[in-house]
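All ligand and atom numbering here is 1-based and tracks the order in the structure.
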Amino acid sequence: MARLWLSVTLSLFNFHVFVFSQSSSSQVSGDPLQYVDTLIGSTNGGNVFTGANIPYGMAKPVADTDSDSDQGGFTADNANITGFSSMHDSGTGGAPSLGNFALFPYASCPGDDIDRCTYPKISRKMHYVNDSLKASPGYFTVTLNSGVNAEMTAAQHTSLFRFNFPASTDGTSSSPLILMDLTDLQDSRQDNGTISVDSSSGRMTGGARFLPSFAQGTYDAYFCADFHGADIRDSGIFVNSRASASVHDLTISRSINGYPLPGGGWVRFKEASSVLVRVGLSFISSEQACNNAEAEIPSYDFDGVRSAAVDAWRKKLSPITISTAGVNSSLVKNFYSGIYRAYVNPQNYTGENPNWQSSEPYFDSFYCIWDLFRATFPFLTITDPEALTEMIRALLDIYRHEGWMPDCRMTFAHGYTQGGSNADIVLSDAYQKGLTNGIDWDTAYDAVIKDATVEPYDWCCRGRGGLDSWNALGYIPVQDFDYKGFGTMTRSISRTLEYSYNDFTISRLASGLGHSADVEKYVSTSSNWKNLFRPDMPSFTNGTNTGFVGFFQPKYLNRTWGFQEPLKCSNIDTNASSICSLQNTGAETFESSIWEYTFFVPHDMGTLIKDLGGPSAFVRRLDYMHDRNITYIGNEPAFLTVYQYHYAGRPALSAKRVHFYIPRFFSPTRDGLPGNDDSGTMGSFVAFSMMGLFPNPGQNVYFITPSFFESVNITSPVTGKTARIRNVNFDPSYEAIYIQSATLDGKAYTKNWIDHSFFTEGKELVLTLGRNESSWGTRLSIQLAAVELAR
Ligand SMILES: *[C@@H]1O[C@H](CO)[C@@H](O)[C@H](O)[C@H]1NC(C)=O
Ligand SMILES: *[C@@H]1O[C@H](CO)[C@@H](O)[C@H](O)[C@H]1NC(C)=O
Ligand SMILES: *[C@@H]1O[C@H](CO)[C@@H](O)[C@H](O)[C@H]1NC(C)=O
Ligand SMILES: *[C@@H]1O[C@H](CO)[C@@H](O)[C@H](O)[C@H]1NC(C)=O
Ligand SMILES: *[C@@H]1O[C@H](CO)[C@@H](O)[C@H](O)[C@H]1NC(C)=O
Ligand SMILES: *[C@@H]1O[C@H](CO)[C@@H](O)[C@H](O)[C@H]1NC(C)=O
Ligand SMILES: *[C@@H]1O[C@H](CO)[C@@H](O)[C@H](O)[C@H]1NC(C)=O
Ligand SMILES: *[C@@H]1O[C@H](CO)[C@@H](O)[C@H](O)[C@H]1NC(C)=O
Ligand SMILES: *[C@@H]1O[C@H](CO)[C@@H](O)[C@H](O)[C@H]1NC(C)=O
Ligand SMILES: *[C@@H]1O[C@H](CO)[C@@H](O)[C@H](O)[C@H]1NC(C)=O
Ligand SMILES: *[C@@H]1O[C@H](CO)[C@@H](O)[C@H](O)[C@H]1NC(C)=O
């Protein structure tokens, strides 16, 4: 942390130098890791994983707390630490995932009696010394109130902990005990968890069955823990609050209560000042967990493992460099920390899939694609296409072996679908941006066509529901009659909108792959959103007419209109009876209002703008939604609405709106995220927005706004070419945020968007900025872009 502190001081110093000299020479960011704060989002519901890992790593050790918001394991909200476990997800909502196999250290047991150490996590939990908490890429450390310090780092499938024990104060010699608990964060352990403790080496092996956090089914996880650096005194197992040094093997029941019976193993050491614990992990077997550990961390070299993790992170963050000249360092931290979080999940479980043999890569923790498609995946398309390619190949292998791609997935289970079959968007986006390497596009096409045409029996968790009605009526009806497939019969509006957009992206894939007969078919169904648009629908707030007319409304099977208050489930909906998530009494819009969903026609903005009364009425409506807090930037459907001014020929207003949200709603502090990070989507939103190019995912379009930095360089890992963005008249106080003119590779450029070749071909975009909106980018070429693509 000392190093981070130093660099912050340094940048603040630079700030003064550059502001007063108005230097235009670039101060290049250098080592991006110095700006990454991994504790951002550790309170206030960010639910970020703040521990040690390598990019996409399966081993994710951190301290777990007993907070209600412990989905990422650790929270800095003054909750107590229950243990140190090795697997986590990041930024998720709902029940916490993983958190398996917690360790807990004691410097000694009271009276030197193993039975007087505390085993169950509900009673052993303990607070930590506030100032001891330090975290950085590949490293996490904290000191418990007992004085025991825990450090951790990680390789791909293996955690390495170092527990440092305090010298005893009362003159008695210490005899540290470390326990391993067969538990997980959500206390979901099922019957027959096992552990065996080798009495000579102390090695612990075993595994247990657990529940996924947002899906049906179960999964099995295994571990192999080795202890190093101190002589073993004795070892054994514990059940509930009692331990034994003569029993070394345990198979434990879940028991009949909600909280599984505590159980696990322990090892006690002769006097020791520190002990290393290497925890190998596997979803295949404990033997494979041991093999992973031995292969990845053969020599218990904590500093070596840590520095390999740091190098992996430095390399991952290296494609983007910025000029920090004049810019408040808190913005630089926001930027690089957001980028860092884009590489934490999904997790690379290649070689760890217990369900089928395959030579394809396997990734898991797509949590959820409903979120990921909007920012994280498009970000990886630019900076880490190789990894995204492997993720897509994994989605296709899941399709091959399980029949469907997921909309959400964790621990080998298809998670609950929130709206459409949004993997369709991911595939089409990647195809349009040229990611071909190793992806079997014929299988990809089969997978998206199946989503669009075959209704699964269980569309809770795969594909789409209501396809008979969709085909017959051109929309999903409220109170649909569906006897073929089953899922939560809500969200008829948001599902209609998402299915429409899914179909548009399928039409793009069809066009690219030469399935010409399908192009027209899916372009046609992509306009099904029109069937739920009610042109005469007003919206009132507290009895006052907002003045806006024309909103989506639910429609019955008999083609007559139903009704949903347009502000229901908006950020300003104070009605305690509104149910907005996946409950079976939920609304016709998922996690947001009709107000916001009315803008979700990403592929036909020209028609939508016309339907909403033309460009200026459209702009007034967008302003009203943002200014009145009807939308909330902490949930992903808001992202695109920040930039949709571009479609009305007002790119200046998108730029202004970006600065309305950043940094007001995003700051590099522990409580600095406005909502769950959702596997790095908030981070990717910040990264794209500050870079000044935001995607419309599923289309080869990036909206141009001035970046928050004087210049940005983005090197394509595929072509090795560097795309450059430069602002002339850059103003770090962000008053001059309006583009007056632009050049692309030296030629005048008047469109307010660019395509992906900007990145792969390493073009240069130079923006000249001013304090007033100009006529630059005001022609409606971007609407034409989508329309041209469609036919
Ligand atoms: C943490 O645990 C201690 C006892 O170990 C208890 O006094 C304290 O209230 C707990 N703190 C919280 C926030 O639960
Ligand atoms: C530790 O920090 C928390 C939260 O900031 C605070 O409530 C608590 O009082 C602090 N404890 C000590 C001992 O400073
Ligand atoms: C647990 O193990 C016992 C004994 O082998 C077996 O009878 C039982 O079916 C197992 N339970 C589960 C849930 O696998
Ligand atoms: C971007 O690349 C150009 C050309 O190599 C270089 O002059 C400039 O310093 C770089 N800027 C940043 C911010 O890395
Ligand atoms: C930098 O931004 C932070 C957070 O918005 C603010 O508190 C601080 O005053 C700013 N520093 C300077 C030098 O403007
Ligand atoms: C995923 O893991 C496999 C096996 O360890 C490895 O070969 C591959 O490079 C990893 N992929 C990424 C993107 O890190
Ligand atoms: C509606 O009225 C309530 C209670 O008076 C108030 O809290 C809320 O902010 C109002 N909403 C709008 C959109 O004006
Ligand atoms: C259509 O169906 C709805 C819901 O069942 C019903 O309330 C309405 O009266 C029906 N309208 C007509 C014209 O049948
Ligand atoms: C609150 O929502 C319920 C359920 O949708 C509805 O019946 C009721 O009219 C709403 N109340 C107000 C004040 O809008
Ligand atoms: C919107 O919310 C922000 C805080 O998030 C608040 O400062 C502002 O006053 C709100 N605006 C309205 C119109 O309620
Ligand atoms: C820019 O806008 C300001 C008001 O925001 C106005 O006072 C000024 O005259 C404008 N400058 C130009 C060159 O139009």
Heavy-atom neighbours of Asn437 CG exceed 12 at 6.0 Å: no

Partner residues of Arg341 under the salt bridge (Lys or Arg N to Asp or Glu O under 4.0 Å) criterion, sequence neighbours left out: Asp677

Ring centers of Phe283, Phe412 separated by less than 6.0 Å: yes

Tyr643 and His646 aromatic ring geometry - parallel, tilted or perpendicular at 30°/60° bounds: tilted

Contacts table for ligand 11: protein N or O within a distance under 3.5 Å of ligand N or O, distances only.
from: ligand 11; atom 1: 2 (O); to: Asn772; atom 2: OD1; distance (Å): 3.3
from: ligand 11; atom 1: 2 (O); to: Asn772; atom 2: ND2; distance (Å): 2.1
from: ligand 11; atom 1: 11 (N); to: Asn772; atom 2: ND2; distance (Å): 3.3

Within-4.5 Å side-chain heavy-atom neighbours: Ser679 and Asp89: no

Under 3.5 Å: N/O of Tyr556 near N/O of ligand 8: no

Glu390-ligand 6 polar pair, N/O distance under 3.5 Å: yes

Partner residues of Lys315 under the salt bridge (Lys or Arg N to Asp or Glu O under 4.0 Å) criterion, sequence neighbours left out: none

Within 6.0 angstrom of Glu386 CD, more than 12 heavy atoms from elsewhere: no

Contact atoms of ligand 6, heavy-atom distance to Ala387 under 4.0 Å: 13 (C)

Partner residues of Ala308 under the side chain to side chain contact (heavy atoms under 4.5 Å, CB included) criterion, sequence neighbours left out: none

Nitrogen or oxygen of Gln156 less than 3.5 angstrom from that of ligand 6: no

